[in-house]
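A short write-up of the structure that comes next.
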Amino acid sequence: MHELSEILDKLNESQRGAVTHTNGPVMIIAGPGSGKTRVLTFRIAYLIKNNVDAFRIMALTFTNKSSAEMRERIAHIVGSEARNLYMGTFHSVFARILRAEAHRLGYPNNFTIYDPDDCKSLIKSIVKEEGLNDKLYKPATVFYRISSAKNSLIDAKMYAQNVDLVSDDESSGRPKIAELYQKYQDRCFKSGAMDFDDLLLKMYELLTKFPDVLYKLQNRFTHLLIDEFQDTNMAQYKIVKLLAAQHENICVVGDDAQSIYAFRGATIENILNFERDYPDMKVFKLEQNYRSTEHIVTAANSIIKQNKNQLAKEIWTDLKGGEKIKVYKCASDTDEARIVADSIFDQKMRQHLMHSEFAILYRTNAQSRSFEEALRKLNIPYKIYGGLSFYQRKEVKDFISYLRVVVNPNDEEALKRIINYPVRGIGNTSIDRLIVAANEQDKPLWHIVEHPELMDDTQARAKTLIKNFSMMIKSFRAMLPSKNAYEIAEYIGKQTGLIDDLFKDKTVEGISRFENIQELLNGIKEYTVGEQPEYEEDEVKPENDLAAYLQQISLLTDMDDSKDENKEKVKMMTIHAAKGLEFASVFVVGLEENLFPSIMAMNSREDLEEERRLFYVAVTRSKRFLTLSYALTRYKFGQLNYCDQSRFIDEIAEENKIFYGQKEKAKPEQTSFFGDDENSKWYLSKTYQKKSELPKSTPTITSTPITNEAPKNLTKIKTAANASASISSDLRELQTGMKVKHEKFNEGKVVSVEGANDNKIASIYFDGVGVKKIMLKFAKLQILE
DNA sequence: GATATGTTTTTTTTT
DNA sequence: AAAACATATC
């Protein structure tokens, strides 16, 4: 345990002020790498050490991961008291409060949380039931409208009365959205379900409709802290303001330059609102960057300077010198991936970095695929974050749906998923009839499933099957009072035959599905034996830990994965997901006009500035090495597109960057494909690549930086020569695990063999040398055993 | 009602 | 290029 004075000595002046000024409203403007997390953790520890009860501190963060991390660091200073902190994401903290108070709003205490897939599926069925054009009323579009409204605290009734919103919908040809919103909300209510946005909207409703609840919470939480304040939306701000009204010990931490969630309703206006609402607030600016070297910090400043809308702030660093930013021009998306993978391989060796110190950051999730392939070819371990989380995989979600129905049988979306999974003869026709009956009688779907006799014109056979299904669910529900989450889940898996079915499937995907369910069950088991959250006397404890488990996992994202097996891997994620993280070496890829900045953001200055802030966030993730790359051609929807270099590259000063490849902007359309100018070689190299699966390894990329000289490119290596060479007959049989002798590296063991025919490449481990990639057609290799 | 086959759409970012 | 979706066939 550390002493406070010792801690405070390690802080700079503004950091210290931000930690110790604990009375009244405080705004901390924290540039990237300025020790923000440190300040937040120390501030909370400082409060606890000054006799503030941890139960009375609410700290709201953006991700579960950052709150878990902070809690751990606080525990390191103050000990076990830290576990009593009310700390987590807005959504998880509010879900916990709502669970205790849900009955006041007419929701069950064990309400379900619908994920966006559930929401869209529900919208889809409502659109269908209403007989509306599903090309016009796309689930994603309708959902977005509803979600945006909720984030501005506009409920269905207010929406219908809001002239602006309704006329927007009319002019886009979707006049029925207000109606759909109401129907959607009713259906969620009947299902005992809230979506993510409801966790905010209903929380606000709770506080404004029930003064006693507000009073209780206001008095309880004497200190509030909000992280990533620039990414909060209006609903979040209003709730926080209500909660803080009694004591006004509210501390917000943020950086307007890193605001990247406006598309989700976040608004920098909250920073202005805060200044207006708390005129006596104290501001601390953290501008010293402890993370990145000089070139990176200088580049970041010159990027953000291009934005008109920003608070004046300049970050600076003591870490002088360092490497310049590398910019790679690549022939195609696959080339880009290969060059990045090669660079990682090379940089890891030269700079003695670990795989975990590398990150590949991109604008869209779809870009991950090519990097995945390239890294796999070089045997570089990687982990992709984002995309769909473990709990969203089909087989996992199907299984979880059983658990959801057991806890809350009114959960319509979960019920629809499992009613005929595994196949039990309740087909689409029956399901549609069930839904119609439920709507006609204004009852939850489950009510009809329980009493299929309430349906007319349905075959007796179907009714029997439905009855059997409901009996089975009831038998599972009967276990709730006496069995724990794991026992119930295991029993369901066996009883439904789900586990047997998956076990029998011996295809590659089938095995992975089986493993996923095993992993899910392990996770549930871990949860039941693990540390349970503490409950205050006035909180409602869940009837069964299964309900608490479901609520927890429904708010987990792929970012929250903390498995040890992922500790030693190259990380790949969108820039949005990288917020708050740092890496020794960062690759920002796909820097092309219409991709980054996104084509969707080209319409307004505001959107473009948000893209630029995103670029600022990307650049400032890097501690020492920053590499930018772009491709001249890229496949989109399976179609080849020509791309231009992103304007963002030009916003970094020449003295901070080094180009690899041609410096001038390329205009591919003007260059003959078969011409012999330098440009065409990029395409040629790509053509060769495709035709014969030519070598992936590029020798020592870092060797010759190209500045203004005649461009030499990195991929025009070994083309013609390669075509003719062939592998000696005994080497064709080379297998993983064989021992070989190399004329230079001596004895080694084959780690893997890749490629086909004459283009095989072996990764071989040589003692004292490490793993080398060797092309068999050129290598003088001798097989020993 | 379940399965095989052809057609259309998708990509911005996420708690 | 892949997934979701719609239609035809058993």
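Quantities reported herein were computed from a predicted structural model and do not represent experimental measurements.
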[X] atom [atom1], neighbour heavy-atom count above 12 within 6.0 Å:
| X | atom1 | value |
| --- | --- | --- |
| Arg424(A) | CZ | yes |
| Glu72(A) | CD | no |
| Lys416(A) | NZ | yes |

Can you find a side chain N or O atom of [X] that sits less than 4.0 Å from OP1 or OP2 on [N]?
| X | N | answer |
| --- | --- | --- |
| Asn365(A) | dT13(B) | yes |
| Asn420(A) | dG1(B) | no |
| Thr364(A) | dT11(B) | no |
| Thr574(A) | dT14(B) | yes |
| Asn233(A) | dT15(B) | no |
| Lys138(A) | dT10(B) | yes |

Measuring only the C1' atom in each nucleotide, how far is dT13(B) from dA4(C)? A whole number of Å is fine.
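Between the two C1' atoms, the distance is 22 Å.
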Please state the C1' separation for the pair dA6(C) and dT11(B) - nearest whole angstrom.
22 Å
Hunt down any stem DNA chain B takes part in, defined as 3 or more consecutive Watson-Crick or G-U pairs whose two distances are each under 3.5 Å.
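The stems that DNA chain B takes part in, listed by first number, are B:1-10 with C:1-10.
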Which whole-number value in Å describes the distance from [X] [atom1] to [N] [atom2]?
| X | N | atom1 | atom2 | answer |
| --- | --- | --- | --- | --- |
| Asp333(A) | dT11(B) | CG | C1' | 14 Å |
| Asn641(A) | dT10(B) | CG | P | 17 Å |
| Tyr616(A) | dT13(B) | OH | P | 24 Å |
| Lys65(A) | dT14(B) | NZ | P | 15 Å |
| Gln639(A) | dA2(C) | CD | C1' | 15 Å |
| Ile226(A) | dT15(B) | CD1 | C1' | 16 Å |
| Phe143(A) | dT13(B) | CZ | P | 15 Å |
| Leu595(A) | dT13(B) | CG | C1' | 12 Å |

Taking the nucleotide of DNA chain B with the closest heavy atom to each, which residue, Arg424(A) or Met600(A), is nearer the 5' end?
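Result of the comparison: Arg424(A).
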Using a 4.0 Å heavy-atom cut-off, does [X] contact any base of the nucleic acid, only the sugar-phosphate backbone, or nothing at all?
| X | value |
| --- | --- |
| Lys135(A) | sugar-phosphate |
| Phe90(A) | nothing |
| Lys579(A) | nothing |
| Ser430(A) | sugar-phosphate |
| Asp231(A) | nothing |
| Asp115(A) | nothing |
| Gly386(A) | nothing |

Identified side chain to side chain contact (heavy atoms under 4.5 Å, CB included) partner of Arg621(A) from the options Leu626(A), Leu361(A), Ile575(A), Val588(A)
Leu361(A)
Of Val127(A), Val142(A), Asp195(A), Ile177(A), which is the lone residue that meets side chain to side chain contact (heavy atoms under 4.5 Å, CB included) with Tyr184(A)?
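The residue from Val127(A), Val142(A), Asp195(A), Ile177(A) that satisfies side chain to side chain contact (heavy atoms under 4.5 Å, CB included) with Tyr184(A) turns out to be Asp195(A).
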Please assess Val240(A) against Phe90(A) for the test side chain to side chain contact (heavy atoms under 4.5 Å, CB included), listing each intermediate value before the final yes or no.
CA-CA 10 Å; Val240(A) 162; Phe90(A) 279 90; 3.8 Å; yes
Out of [options], which has the shortest distance to the side chain of [X]?
| X | options | answer |
| --- | --- | --- |
| Ala577(A) | dT14(B), dG1(B), dT15(B) | dT14(B) |
| Thr429(A) | dT14(B), dG1(B), dC5(C) | dG1(B) |
| Ala366(A) | dT11(B), dT13(B), dA2(B) | dT11(B) |
| His576(A) | dT15(B), dG1(B), dT14(B) | dT14(B) |

Can you classify the ring geometry of Phe62(A) versus Tyr261(A) as parallel (below 30°), tilted (30 to 60°) or perpendicular (above 60°)?
tilted
If the plane angle is over 60° it's perpendicular, under 30° parallel, otherwise tilted; pick one for Phe371(A) and Tyr362(A).
parallel
Can you check whether Phe637(A) stacks with the dT10(B) base, using ring centres under 5.5 Å and planes within 30°?
yes
Do the side chain of Asp118(A) and the main chain of Asp115(A) share a donor and acceptor less than 3.5 angstrom apart?
yes
